[in-house]
Each structure stands twice: as C-alpha cells, then as structure tokens.
Amino acid sequence: MIHKKVNNVQEALKGVKSGMTLMLGGFGLCGIPENAIAELVKLEVRDVTCISNNAGIDDFGLGLLLQKKQIKKMISSYVGENDEFERQMLSGELEVELTPQGTLAEKCRAAQAGFPAFYTPAGYGTEVSEGKETREFEGKMYVLEPAFKADFAFVKAWKGDTAGNLIFKGTARNFNPNMCGAATITVAEVEELVPVGELAPNTIHIPGVFIQRIFQGENYEKKIEQRTVRQRS
Amino acid sequence: MIHKKVNNVQEALKGVKSGMTLMLGGFGLCGIPENAIAELVKLEVRDVTCISNNAGIDDFGLGLLLQKKQIKKMISSYVGENDEFERQMLSGELEVELTPQGTLAEKCRAAQAGFPAFYTPAGYGTEVSEGKETREFEGKMYVLEPAFKADFAFVKAWKGDTAGNLIFKGTARNFNPNMCGAATITVAEVEELVPVGELAPNTIHIPGVFIQRIFQGENYEKKIEQRTVRQRS
Amino acid sequence: MLDKNGIAKRIAQEVQNGFYVNLGIGIPTLVANYVREDIEVEFQSENGVLGMGPFPFEGEEDADIINAGKQTITTLPGASFFDSSMSFSMIRGKHIHLTILGAMEVAENGDIANWKIPGKMVKGMGGAMDLVASAENIIVAMMHTNKRGESKILKQCSLPLTGVGCVTKVVTNLAVLEVKNNTFHLLERAPGVSVEEIKKATEGTLIINGEIPEMLI
Amino acid sequence: MLDKNGIAKRIAQEVQNGFYVNLGIGIPTLVANYVREDIEVEFQSENGVLGMGPFPFEGEEDADIINAGKQTITTLPGASFFDSSMSFSMIRGKHIHLTILGAMEVAENGDIANWKIPGKMVKGMGGAMDLVASAENIIVAMMHTNKRGESKILKQCSLPLTGVGCVTKVVTNLAVLEVKNNTFHLLERAPGVSVEEIKKATEGTLIINGEIPEMLI
C-alpha cells in the first residue's frame, strides 16, 4: 500500500499559497473541512479562489476566511447565509460566480474523472448560460460546462485509513467525494484515522488513489445551521 | 418507502420483447444477472441488442443466448472467450459493436445521469472514432460519445432491500451500478433480499430510486473463468 | 384564501403513489406533512439523501444529517445517502417524479424566476436550476401576489430566469393553475375566493373554462 | 535474451515508490511478482479493484473477486472495490501512474496496436484504449519479433491502432527502448544480446548513442 498519512494540518497544507484555487467540500456547515479552514486562516493566504457549494456563515466555515478578506473569488451555488459575504459582493470586493448545484458537482467530478467538459441542461436560457456554448441533443438544449481546475482540494470524511481510503457519514458526504482527485493535491481530514485494513474494501466510498494527504482532524465543532426538532407526543 | 419487490423472475421480466435493447451487468462471468439470462432464454425473445462488457462463455452467461441465436447485436468491449460468438460474428450472423471499456461504462452512467453525450480521449485516432465527432480541448483530442438508450437493464447485486436499495460485493460490482437507471426499466436480482431498514443508509451503493423491480435470485452458479491459485508454502 | 399550510395541503394531493419527490425550501417543505399515509412516497433532498423523515426529537439532532435547507432531519427505513454528483444524476436523469418549489415569478410560457433580484438579493440558485431544467413535473408553490398586491403570475418574468418553459402547475393562496399552450388554465379556486378575484390578481393570460370548482382540502 | 519472466523482472524496475499501476493481461501480470518489497505500490485492475494481492490459496478462490483477466485474486490491506465508471475515472483522470501492457505492434511515433487482426482475431479492446489514451507513462511488454522473425518494433503499425503516440517505453526479450522524437532509443541490451542483433530485429528507426549497457536483472 501507499502511505498518505501526514502528522498534522500544518503538514497537510504545505504548499498552499496566495492566489491559488481551492476546492472545499461540505454543504452549508455539514461536512466542511474545519481543520483545513482554520489553518488557511492562520496561514493568511490571500486572493484565493474558493470552489465550495456555500460560503459558510459569518463566524464559521468559509465565513472565517471572508472575515479576513482572504478570498478573491467564490464559485458557489448558494451563498444566502452570510451577511459579510453579501456586503463584500455588493461592494465589489468579492468576485462571485454562481453555478447551479448539479453543475458544480459535475464540474468537480469531471476534473476527477478526466472529462474536459460536459453538457448539462441546467441553466439553459438563463444568465448562467450567457456567453457559453449551447447545443441541442434530441430536441433539448444543453450548456457546455468545463471541468474545474484547482490546486488543492480539502475534503472531510468520517473515517479514513492511512492509505487514504475514505468513508463519509450521512449528508456530510455531499460534495466531498466529488472533489477527491479533482485538484492537483487532495487533502483529506477525518474524524477517525484508522490503520490500513480496518475499513472493509466493499464499504469504502473513495479509494485512496484520489487522495494525496490524510490527517486526523481535531476539535470538530459541527455547528448546526437550522436546528429543527419536533415535540415528543 | 416505495416497494419494488416482485415475486419471481417471470414477473421481473414482464414486458421484455423481441427486438429490444437490453443492458446486462457483469464482467466476464463475475456479477452477471444469472436468473435474468436464464429467463431470457426461456422467453425465447429474439433479435435483441445486448449491451454488456463481455459475451459470456460458450455455455454460460450471454453464451446461452448466443447458442439459441437470440442476439442480433452485441455492444461490448471484449468478447474473446466465446467460440460460438466468434463464429457468428465472422459469418455475419451477429452484429458487433466494440467499444472501449471506460466508454462503455460512461455511456451507461450518462444514460443514468441524464447526460446526452460526453467527450472521452479513448479511441481517438483509431477506428473506434471513425465517423464520430472529435474535438480538441487544451491540446488533447476527444471523441464525442452518446449515452446509451435501452429498454431494460438487468443487474445483479449481493444484497438488496424491498425499496430497491443495492449493495454489491467485490468485483462483482463492475458495470452493475452504472446500468441502474440507465434503461427505461431496471431489474435487480439479488443473492439476498432483505426487509427495508436492514441495509445501513450509509453503505448503500445504489439507491432504490434507480430500480423499478427487485427479486430474490436463485441457484447462483457463479462460475469461475480463470481459476488461478498459489501453492501454500 | 389559503395560508402556507393550505397551499402545502393542496399540493400534497398531487403526490401520487410511487412518486419520488424533491421539495424545495419554504412552503414545499411543508408538503411532506400532508401526504396521505396510504401513499408510497420518498422524499429526496439534493444535498444527498433519499427517504427523509420528520425532524428529529429534541436532543436527537445530528449535524451530519440535514436537508438542503440545512435543517436537521431524520431518515425513514429504506433511506440512503449519496454524494452530490449522484444526487443530481437522479434529478438530471429524470428519476425524480415531482419537483415542488417556490418562486418569485411564474410566466404563462412556464418560465420561472426564483433566485435573484438584481442589485438586491443574490443568494444563488442552489439546486433549483438543475431541478427545473430536468424535471417533467414541476409544481410551484407561491403567493399569487406580492406584498404590494402586484401579480406574480405574469405574461413574462421580469426577474432573471431560473428555467425556461418548465412549470406545469402553480398552486397559490388563491388558485390552482395549469400551465399549457402559453397560458394559465384555472383549475380550482381556493375556498372562499371568487373567479373575479383570481382574474384581478393574475397578469398572465388566464383561461377559464366552465364552472371552476372550489378546492377540496 | 529474456523470457517472459525476464521481461517482467526488468519492467518491475520501472515501478517507483508511491506508484499506482495498472497491469495488462499476459507478461504485465507477472510484473507484480518482481517489484522490490521496499517499494510502496498498489495494483489497480480496471474491473474495479485497487490493492490487488497474489492469487488465492487453493480452496480460497472467490468468484466475486477477480482481476480484469478474469483470474481469481486476493486483496491486500488497504484495498477497495468500486464500479467501472469510477475505475475509469482513475484511469482517465490520470490517477494511475504507470500502465504496463502487451502489444502486437509498436511504432516509432509511439502508436500501439494490440486489439485486432482484421479477419482473424477480434477479441476487442477491453480497457486498453482508455488506458493508452490517458496514461502518461506507458510501458509495453512484448517480444521483439513475431514467430516468423519479423520485427514488431515498426516505422508504422500495420494493424488497427489501439492508441496514437502514447507509448513511452518498450521492454522486449532483446532490449529496452525509449520512444521519443519519433524514434526508438536503445537504452539497454538483454543479457547476451548484441547491438547488431537488436538492429536486425528492429524495423523502426533505432537511435544508438554510445556504449549500450546490458540490463541488470
């Protein structure tokens, strides 16, 4: 087997520089790479482009990078939970590229799988398709969307082994698997890093081949954005 | 939940007719839908087009349909283990479309996922790309390949529940997940059909939404094509 | 006139046996509460879950199990989790039978706008553009008019579009409308609402054929 | 001159630490037996397994665990199974570092032919076309000449191509050749084989720079 384990988040983020394009897994605050984000804040990298479905909230997730004005451009599908984001966007400090969610996922997967571009019906006839190549297949119109290119992908899994194999939990899976191998270097942080051989080969969601570095994450807060409950009857 | 269970293979194959296009999972004899194939022989459907990575061997798998001359056309990547196949092909009785294996898989996945076509580098500059649209992306050439269209997909899983959720085992997974939902009707046969709720939601390989009918398979032979072993030292 | 729960209740009648359904944020989320118990249905959320159940009991919330509205949820027996790419394979591949979502505007040609007010509100389209581009059965849940009393059921959308010619039905606080042949067809009136009131509140071309029944909810 | 195992042994030296490797059917399969034990390597088989181990002990064969040659195999700790689409994502996405496969012909421009002899043998390309179209490091394991003594190291392939301009290195029973600038560069001689013999057996343009060392195997 090929060892992917690094000792800590510092080692995991070695080589991250200002101006880079970063992919970050997660949906809302669910399944985000909390350790990597905290380290990006510490590293004070600037002018980064972030590919992430959402932009966190004011005081958590990518909101932490926004606070420090480290982000030059966001590529997301939904950014509605973040006042600082809105302020920076409306003032022109922050560049924003809004992309349909399924297109966002597939642009990651295309990068992972070596597809240069793909045709999707999403966004046809809207401003999302403006300036893009469109094409008809069997009477339906599609938009040609290119694969993403990124320097680093930061993903968060539930369990991982030292060979980089990953298992996600619940809806914390979301974009994380699609971003593995979609950047030059993919860094996985996990809640539980186990020795190789402990994960059953049949239950692995993402094989280690897509991962360059893996580390044991710490102090996961796992904030809940919308705590909704029902009453016991 | 939505119930997908049917009582037997006869019910599962209701509606299959001569002249249809059928997808069949499996790699070699590994993970093939043995029950569905046996029933196709019994039903004596003719002139079918089969999309399957391989064509079985003379006396098992799709070889059984070939013996009865039920197949009009095979779409496969590798057909080298079957004398009757070779005879029918060379004599012109059988139409054969050879497709690179990764292209075959993705043509299934494209049908499953609603992509009309995709660009792949496989086969560029070879006879596989003759007559097909090709295109350059960033200095590399790609071939445009359309999604498959099929009437029925027959897949085989290890475990399944009555909601159609599937878990595959080992390399018997292969094309099976990619064919789920890639045809108008997907029929899954399983070694073990369990009540809904018994499969952990996090371990399901294919959600039931892609499956129309599921049944408990019987008498799996699971023939081995190349029994290779090593000596105990 | 219907309130939000009334709209959800009426839309719940559109859910047929064996349907996989995607519910948008807002009124659509309420629909799950009103589907008849004898109907086999599974709810998909595009963040990666099929077989959603009700909200968890207090103390049983799991940060790793949410819906696309970021609300904590539970799952029912038969549920599954999957990644975003597979989630949109279900949507794009037409494996989801019914999409219910909110809108800011709907036009008589089936166009829908629900993601952006230029210069004011730019939250993003989330999964809505993928949903409306692929779904064959799209029901919009919305108020018939805005807070200033202006119609949101229009000849043409004024806001940036989410999708073109895709809406099949609209259920508002006033009426049930079918969208076909570039017109709105009035199918039902909300309890206590007259055809005249609906006409007045509708800017788009409204076809009224014969007696319009009151909704049964 | 090398036999099949000798070719495999020499190619094993090309496997570097940290490599994911795809082995084709035939001689390439043997390479796994000769990789140095201190090298971290994982073998992928395109039917859906990463981390292949040796053949199983007799009686421990599992019909559900095979390689792309349909041989029963085992897996090593850290192995994983996946579907065909993901398998070729690894290949097409350049996550596999080295592809070793057999060939019927190789040309000086890097073209390879290994899937079809028109009118005679049509077994199909399997995964070979995907592999050669995407891999950046492709080593061909083959005999230098056919049974009639004719060179298979050619100016131009005569058989239908599997891929164009893709082969980086060829290891035969006679020599190690690098393919670059539309020529074959002789890097090493097999034990006991002279440069003259290699020249005679090679139809393609052969570049010979200085003293050619004998392989160390």
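Remember, it's a predicted structure, so these values are computed and weren't measured experimentally. Just so it is clear: chains get the letters A, B, ... in the order the sequence lines come, proteins before strands, and each one is counted from 1.
- Ranked by heavy-atom pairs under 4.5 Å with chain D, the list B:Cys30, B:Ser76, B:Gly125 is led by B:Cys30.
- Of all the listed residues (B:Val79, B:Thr228, B:Leu90, B:Val229), the one sharing the greatest number of non-hydrogen pairs under 4.5 Å with chain D is B:Thr228.
- Chain B forms the most heavy-atom pairs under 4.5 Å with one residue out of D:Ala133, D:Ala113, D:Ala79, and that residue is D:Ala133.
- The residue among D:Pro160, D:Ala63, D:Gly126, D:Ala128 with the most heavy atom pairs within less than 4.5 Å of chain B is D:Gly126.
- The backbone N or O of D:Asn67 lies less than 3.5 Å from no partner atom in the side chain of D:Ser45, so there is not a single donor-acceptor pair.
- In summary, the side chains of D:Asn5 and D:Asp3 do not present any donor paired with an acceptor at a separation below 3.5 Å, with no hydrogens or angles considered.
- Applying the side chain to side chain contact (heavy atoms under 4.5 Å, CB included) test between B:Phe215 and each of B:Val9, B:Leu193, B:Val190 identifies B:Val9 as the sole match.
- Note on B:Lys156 versus B:Glu189: no salt bridge recorded, every NZ/NE/NH1/NH2 to OD/OE distance being 4.0 Å or above.
- Relative ring orientation between D:His97 and D:Phe19 is described as parallel, the plane-to-plane angle staying below 30° on a 0-90° scale split at 30° and 60°.
- Neither the backbone nor the side chain of D:Val132 comes within contact range of chain B; no heavy atom of the residue lies under 4.5 Å from a heavy atom of that chain.
- Neither the backbone nor the side chain of D:Ser89 has a heavy atom closer than 4.5 Å to any heavy atom of chain B.
- There is no contact between B:Met141 and chain D, counting heavy-atom distances below 4.5 Å.
- With a threshold of 4.5 angstrom between heavy atoms, D:Glu46 approaches chain B through its backbone and through its side chain.
- Heavy-atom distances place both the backbone and the side chain of B:Glu225 under 4.5 Å from chain D.
- Among the candidates D:Asp111, D:Asp62, D:Ile91, the residue making the largest number of heavy-atom pairs closer than 4.5 Å to chain B is D:Asp62.
- In this structure a side-chain-to-backbone donor-acceptor pair under 3.5 Å is present from D:Trp115 to D:Leu161.
- D:Phe88 touches chain B through its side chain: at least one heavy atom from C-beta onward sits under 4.5 Å away, while N, CA, C and O do not.
- Within the 4.5 Å cutoff, no side-chain heavy atoms of B:Lys72 are placed close to those of B:Leu94.
- Residues D:Glu178 and D:Thr168 have side chains that never bring a donor and an acceptor to within less than 3.5 angstrom of each other.
- Ranking D:Gly127, D:Ser85, D:Gly48 against chain B, the residue ahead of the rest is D:Ser85, based on heavy-atom pairs under 4.5 Å.
- Of all the listed residues (B:Lys169, B:His205, B:Glu106, B:Gln231), the one sharing the greatest number of non-hydrogen pairs under 4.5 Å with chain D is B:Lys169.
- At distances below 3.5 Å, not a single donor-acceptor pair connects side-chain atoms of D:Glu108 with backbone N or O atoms of D:Asn181.
- Proximity to chain D is limited to the side chain of B:Asn178, based on heavy atoms less than 4.5 angstrom apart.
- For the pair B:Lys140 and B:Tyr119, the NZ or CZ position fails the cation-pi test of under 6.0 Å to the six-membered ring centre and within 45 degrees of the ring normal.
- Within the 4.5 angstrom heavy-atom criterion, only side-chain atoms of B:Glu191, from C-beta onward, approach chain D.
- Contact count against chain B (heavy-atom pairs under 4.5 Å) is highest for D:Asp64 among D:Val164, D:Asp64, D:Thr162.
- Heavy-atom distances place the side chain of B:Arg109, and not its backbone, under 4.5 Å from chain D.
- B:Ser91 contributes a side-chain N or O that, together with a main-chain N or O of B:Arg87, makes up a donor-acceptor pair within less than 3.5 Å.
- Contact annotation for D:Ala68: both backbone and side-chain heavy atoms come within less than 4.5 Å of a heavy atom of chain B.
- Contacts between B:Asn53 and chain D at a heavy-atom distance below 4.5 Å are absent for every atom of the residue.
- Per-residue heavy-atom pair counts under 4.5 Å with chain D were compared for B:Pro100, B:Gly80, B:Ala55, and the maximum is reached by B:Pro100.
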Practice problem: Let me see the working for B:Tyr142 and B:Tyr124 under ring-ring contact (aromatic ring centres under 6.0 Å, His included), right down to the final yes or no. | Solution: CA-CA 6 Å; B:Tyr142 295 83; B:Tyr124 176 76; 8.8 Å; no

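- In this structure, chain D has a heavy atom under 4.5 Å from the side chain of B:Val128, while its backbone stays farther away.
- The backbone N or O of D:Ser84 sits nowhere less than 3.5 Å from a side-chain atom of B:Asn174 that would complete a donor-acceptor pair.
- Counting heavy-atom pairs under 4.5 Å between each of D:Pro54, D:Gly163, D:Pro56 and chain B puts D:Pro56 at the top.
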